Amino acid sequence: MADTAEHLQNFIHGEFRRVESDGWMDDLNPSDAGDVIARVPHGSADDARAATTAAAAALPAWRALTGPARGEHLHRWAAAISERAEELAQAMAREVGKPIGESRGEVGRCIVILRYYAGEAVRSVGDVIPAGLPGALQYSLREPLGVVALITPWNFPLAIPLWKAAPALAFGNTVVLKPSELSSRVATLLAETSITAGLPRGVFNVILGTGVDVGTPLIEAPEVRGISFTGSAKVGALVAAIAARRNVRYQTEMGGKNVVIVAADADLDAAAALTAAGAMRYAGQKCTATSRVVVDRKIEGDFLDRLRSQVEALPLGPVADATSAVGPLISQRSHDSISAALADSTADRIFGGELPDDERFRRGFYFAPLVIRIADPAARLAQEELFGPVLGVLSADDMEHAIAIANQTRYGLSASLFTHDLRSALHYVQRIEVGLVRVNGDTTGVDPHAPFGGMKGSSSGSREQGPAAREFYTETKTVQINP
């Protein structure tokens with residue numbers, strides 16, 4: 001049978017270039033594994049070299065533009081994405097298994113991100129500082145790092161690349177994006193919109209392939225002066241080691257074991273609804289998804305009754321169905337990994353975990369939402385990120401006990417407390433060891449203008465988005481002019 005699937009190409013210096021690859025990977029539709037969306041090249045060091053060379057050549061002219069001029073480019077990019085919003089949402093749903101409603105929401109968020117950073121490009125870039133010498137002028141400037149490498153995951157295939165690329169470009173850097181192999185088609189569509197927006201050649205580049213074949217050569221390239229990575233803790237540690245050895249700026253966002261605490265005085269209906277949504281929507285495949293819920297023993301039974309109703313009310317179905325909320329896992333490998341972790345554990349099933357007897361669910365990588373009881377907070381299922389629709393329930397004697405359980409993990413990304421007690425809420429805010437702290441909300445998401453990042457093993461310490469992005473993508477120059 002003839003191979004009719006599109007063979008994806010790199011986007012370098014403003015044009016798509018054929019890849020001479022030793023091997024190709026099938027890019028499958030998670031809702032229907034028989035649907036081969038495209039062929040993705042393994043990539044090579046030559047691809048990384050070509051992209052970083054193009055970005056370095058484009059840097060002088062791009063950084064020389066005024067902030068308002070760079071901001072106008074980002075406004076045009078937002079308009080180009082808006083014009084193709086439904087096409088991008090449908091492509092995202094098909095490639096990464098994100099329900100179409102959430103896919104449309106992500107495209108809308110991308111437009112907001114670009115417009116926000118278009119505005120940030122015209123803000124002040126330094127401060128006047130009092131000088132010790134009379135009559136001297138002393139001030140600071142923030143200047144771009146140079147070429148930055150962005151390595152992004154598949155689960156937010158437009159939003160994460162843009163919340164990295166938009167500030168990098170706004171502040172005068174040029175970019176090489178290496179997306180996940182599992183979201184390469186959407187990345188090439190993003191590149192197409194950059195052409196429509198009229199971004200200068202070489203300012204934004206996209207290279208495709210595996211982390212070993214193209215990702216490592218990219219971050220080792222001498223032109224690269226900054227690296228922003230989102231992905232697993234294992235790969236993040238390797239990125240950090242290379243960046244430290246090269247003495248270049250880096251940030252790594254590496255997931256979480258996010259927690260909801262339900263206090264005895266909580267609004268149980270709201271807590272159940274938001275916990276279910278945070279744990280199960282998009283099949284739990286968000287770095288901020290809720291994977292643990294710690295419940296006060298006094299109200300545990302009532303809470304679990306409500307939680308069951310809320311989980312069962314979330315529609316599981318093909319992502320093209322506008323009513324679908326859960327959808328499939330990204331791959332068979334993910335499905336097998338979660339199944340193996342559950343098989344190796346002694347956790348008890350509370351409810352869920354059974355797929356409907358429907359042919360549609362046998363064609364894709366579906367995993368039914370599952371709620372389990374975890375007796376030991378140190379157990380593997382309470383400690384390791386599964387990245388699927390599995391929620392572990394743990395019991396606590398009181399608020400102090402619940403916070404101790406919540407903190408008993410190497411991760412520290414997101415947490416939420418449900419309570420009406422202001423004193424308890426303030427105590428929790430001070431004690432919880434996460435970067436994203438919520439009260440009476442779910443654990444997922446953050447506004448594009450607010451800092452995003454975690455503590456402990458979830459992050460290298462820097463923050464993304466909002467004003468924090470300028471801190472990462474620029475460096476400070478202190479100037480003194482004497483009379």
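By convention here, the first residue in the shown sequence is residue 1. Everything numeric here is computed off the predicted structure, so don't read it as measured data.
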Quiz item: What pair of heavy atoms forms the shortest contact from Ala415 to Ile432, and how long is it?
Solution: CB-CG1, 3.9 Å

Quiz prompt | Residues Lys477 and Glu143 bridged, charged N to O under 4.0 Å | solution = yes

Quiz item: Is Lys98 positioned over the aromatic face of Phe156, cation under 6.0 angstrom from the ring centre and no more than 45 degrees off axis?
Solution: yes

Quiz item: Where the side chain of Ser460 meets the backbone of Thr252, is there a donor-acceptor pair that is under 3.5 Å apart?
Solution: yes

Quiz item: Does Asn173 reach the main-chain N or O of Gly146 with its side chain, forming a donor-acceptor pair under 3.5 Å?
Solution: yes

Quiz item: With distance as the sole criterion, is a donor-acceptor pair present between the side chains of Lys286 and Thr443 under 3.5 Å?
Solution: no

Quiz item: Are a donor atom and an acceptor atom from the side chains of Asp421 and Thr419 found within less than 3.5 Å of each other?
Solution: no

Quiz item: Where the side chain of Asn205 meets the backbone of Val175, is there a donor-acceptor pair that is under 3.5 Å apart?
Solution: yes

Exercise. Start with the C-alpha gap between Asp27 and Glu181, add the side-chain angles, then the distance that decides, and say whether side-chain contact (heavy atoms from CB on, under 4.5 Å) holds.
Key: CA-CA 8 Å; Asp27 189 2; Glu181 305 92 289; over 6 Å; no

Quiz prompt | From Tyr117 atom OH to Leu169 atom CG, the distance as rounded to the nearest 0.5 Å | solution = 12.0 Å

Self-check item: Test side-chain contact (heavy atoms from CB on, under 4.5 Å) applied to Val293 and Val259, step by step
Solution: CA-CA 5 Å; Val293 57; Val259 64; over 6 Å; no

Exercise. Check whether any side-chain N or O of Ser324 sits under 3.5 Å from a backbone N or O of Asp321 as a donor-acceptor pair, and report yes or no.
Key: no

Exercise. Any chance you could lay out the side-chain contact (heavy atoms from CB on, under 4.5 Å) test for Tyr473 and Gln251, step after step, and finish with the verdict?
Key: CA-CA 10 Å; Tyr473 289 108; Gln251 60 183 187; 3.9 Å; yes

Self-check item: Thr193 side chain to Trp77 side chain, donor-acceptor N/O pair below 3.5 angstrom
Solution: yes

Self-check item: Between OG1 on residue Thr409 and NZ on residue Lys456, distance to nearest 0.5 Å
Solution: 6.0 Å

Quiz item: So, Thr174 side chain and Val203 main chain: donor-acceptor pair closer than 3.5 Å or not?
Solution: no

Quiz item: Taking C-beta and beyond as the side chain, do Arg463 and Phe472 meet within less than 4.5 Å on heavy atoms?
Solution: no

Quiz item: Can any side-chain N or O of Arg185 pair as donor or acceptor with the backbone N or O of Ser183 at less than 3.5 Å?
Solution: no

Exercise. For the pair Arg410 (side chain) and Gly256 (backbone), establish whether a donor and an acceptor sit closer than 3.5 Å, ignoring hydrogens and angles.
Key: no

Quiz item: Once the angle between the rings of Phe11 and Phe204 is folded into 0 to 90°, is it parallel (under 30°), tilted (30 to 60°) or perpendicular (over 60°)?
Solution: tilted

Quiz item: Charged N to carboxylate O under 4.0 angstrom, Glu475 versus Arg225?
Solution: no

Self-check item: Smallest separation among heavy atoms of Gly226 and Leu145, with atom names
Solution: CA-CD1, 4.1 Å

Self-check item: Parallel, tilted or perpendicular: ring planes of Trp154 versus Tyr282, cut at 30 and 60 degrees
Solution: perpendicular

Practice problem: Specify the closest pair of heavy atoms between Ile330 and Glu95, including all atoms of both residues, with the distance to one decimal. | Solution: CD1-O, 4.1 Å

Quiz item: Can you say whether the rings of His7 and Trp24 are parallel (under 30°), tilted (30 to 60°) or perpendicular (over 60°)?
Solution: perpendicular

Quiz item: Where the side chain of Arg84 meets the backbone of Leu88, is there a donor-acceptor pair that is under 3.5 Å apart?
Solution: no

Quiz item: Is Arg142 reaching over with its side chain to a backbone N or O of Thr474, donor-acceptor style, under 3.5 angstrom?
Solution: yes

Exercise. Quick one: which residue pairs count as a side chain to side chain donor-acceptor pair (under 3.5 Å) with a foot in residues 238-249, not counting sequence neighbours?
Key: Glu220-Arg245

Exercise. Indicate whether any N or O donor in one side chain lies under 3.5 Å from an N or O acceptor in the other, for Asp46 and Ser44.
Key: no

Quiz item: If you take all heavy atoms of Pro30 and Arg94, which pair is closest and at what distance?
Solution: CD-O, 3.3 Å

Quiz item: Any side-chain heavy atom of Arg292 sitting closer than 4.5 Å to one from Gln383?
Solution: no

Practice problem: Please determine, by modelled atom types, if His73 and Arg70 share a side-chain donor-acceptor pair under 3.5 angstrom. | Solution: no

Quiz item: Under the criterion side-chain contact (heavy atoms from CB on, under 4.5 Å), which of Thr230, Thr152, Ile113 is the partner of Pro161?
Solution: Thr152

Quiz item: Do the side chain of Gln285 and the main chain of Pro328 share a donor and acceptor less than 3.5 angstrom apart?
Solution: yes

Self-check item: Shortest non-hydrogen separation from Ala58 to Gly202 and the atoms involved
Solution: CB-C, 3.5 Å

Quiz prompt | Shortest non-hydrogen contact from Leu314 toward Met280 | solution = CD1-CB, 3.7 Å

Exercise. Would you indicate whether Arg123, at its atom CZ, is surrounded by more than 12 heavy atoms from other residues, nucleotides or ligands within a distance under 6.0 Å?
Key: no

Exercise. Please say which of Val235, Leu238, Ile219 ends up in a side-chain contact (heavy atoms from CB on, under 4.5 Å) with Phe229.
Key: Val235

Using a 3.5 Å cut-off and no angle test, enumerate the donor-acceptor pairs between side-chain atoms of residues 127-138 and protein atoms at least two apart in sequence or in another chain.
from   : atom 1 : to     : atom 2 : distance (Å)
Gln138 : OE1    : Gln480 : NE2    : 3.2
Gln138 : NE2    : Pro130 : O      : 3.1

Practice problem: Check whether the ring centres of Trp163 and Phe452 lie less than 6.0 Å apart, and answer yes or no. | Solution: yes

Exercise. Any chance you could lay out the side-chain contact (heavy atoms from CB on, under 4.5 Å) test for Val434 and Leu436, step after step, and finish with the verdict?
Key: CA-CA 6 Å; Val434 300; Leu436 302 173; 5.6 Å; no

